[in-house]
Amino acid sequence: MTYWLFKSEPDEYSLQDLAAEATGCGRWDGIRNYQARNFLRDQVSLGDEVLFYHSACKVPAVVGTAKVVRAAYPDPAQFDPENKYFDPKAIPDEPRWYCVDVTWCSEFARPVPLAEIKKTPELKNMVLVKQGRLSIQPVTDSEWETIVRLGER
DNA sequence: GCCAACGTTGGC
DNA sequence: GCCAACGTTGGC
């Protein structure tokens with residue numbers, strides 16, 4: 001069991017959007033960065049828990065948690081010319097991009113902003129802090145516990 | 001909207 | 001097989 005942090009632009013897909021999914025789960029698709037793709041395809045597993053992070057918005061922050069309910073499968077959007085995530089170089093026999101399904105677990109009592117994470121000594125080695133632009137990244141057990149505790153109040 | 005970090009692509 | 005150009009991401 002591994003912990004992860006997934007980033008999403010709330011204008012595109014927010015924690016609240018995931019909570020509102022009629023089917024109870026949402027597809028984490030549209031990942032078009034190779035480092036993120038590799039984590040998603042090779043390491044993210046069924047049952048793994050996820051910190052849901054809102055990026056590219058007024059206050060970038062971890063806002064809640066989710067859980068992986070289906071491991072990696074080819075992202076259908078790459079083959080659909082109508083889709084904004086269509087990739088003309090992707091061929092069905094050799095998919096280039098992957099997605100997973102997640103379900104909503106919790107919304108924090110208060111968001112934990114990036115600025116606060118950067119100021120918290122226990123979190124100074126987070127990938128989030130060390131390497132800014134990575135939308136799927138591993139989180140250690142102690143980082144998970146620290147963030148969840150900060151979000152409790 | 002600028003631009004920095006990272007990985008991939010492709011010309012030579 | 002080098003390395004410059006390019007695409008994606010995302011804080012500021």
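Small disclaimer: the values here were computed from a predicted structure and weren't measured. Here is how names work: the chains are called A, B, and so on, in the same order as the sequence lines, proteins then strands, and each is numbered from 1. Only heavy atoms go into these numbers, but all of them, side chains included; no hydrogens, no water, no symmetry mates.
With 3.5 Å as the limit, one finds a donor-acceptor pair spanning the side chains of Q131(A) and Q35(A). Using modelled atom types and a 3.5 Å distance limit, the side chains of R27(A) and Y73(A) yield a donor-acceptor pair.
Closest approach of F39(A) to I136(A), counting heavy atoms only: CD1-O, 3.3 Å. When all heavy atoms are compared, the tightest approach of R96(A) to D87(A) is CD-OD2, 3.2 Å.
The separation between K84(A) atom NZ and dG7(C) atom C1' is 15 Å, rounded to whole Å. Note: NZ (K119(A)) to P (dG11(C)) measures 16 Å, nearest angstrom. In this structure, N33(A) places its CG atom 14 Å from C1' of dA4(B), rounding to the nearest Å. Rounded to whole angstrom, the span from the NZ atom of K7(A) across to the C1' atom of dG11(C) amounts to 9 Å. At whole-Å resolution of the value, CG in D42(A) and C1' in dG7(B) are 15 Å apart. Following rounding to the nearest Å, K89(A) (NZ) and dC6(C) (P) show an atom-to-atom distance of 13 Å. Note: CZ (F39(A)) to P (dC6(B)) measures 13 Å, nearest angstrom. In this structure, the CG atom of D87(A) is 14 Å from the P atom of dT8(B), given to the nearest Å.
When each of Y3(A), F108(A), F6(A) is checked for a side-chain contact (heavy atoms from CB on, under 4.5 Å) with L51(A), only F108(A) meets the rule.
Looking at heavy-atom distances under 4.0 Å, K130(A) makes no contact with the nucleic acid at all. Among the heavy atoms of the strands, none lies under 4.0 Å from K58(A).
For dC6(B), neither phosphate oxygen OP1 nor OP2 lies less than 4.0 angstrom from any side-chain nitrogen or oxygen of Q35(A).
Listed nucleotides dG11(C), dG10(C), dG7(B) differ in distance to Y53(A); the shortest reach to its side chain belongs to dG11(C). Among dC6(B), dG10(C), dC12(C), the nucleotide with an atom closest to any side-chain atom of Q131(A) is dC6(B). Distances were taken from every side-chain heavy atom of R32(A) (C-beta onward) to each of dT9(C), dG11(C), dG7(B); the shortest belongs to dT9(C). Residue L114(A) places its side chain closer to dG11(C) than to any other of dG11(C), dG7(B), dT9(C). Proximity note for Y34(A) (side chain, C-beta onward) versus dT8(B), dG11(C), dG10(C): the nearest is dT8(B). Here the side chain of R96(A) is nearest to one of dG11(C), dT9(B), dT8(C), namely dT9(B).
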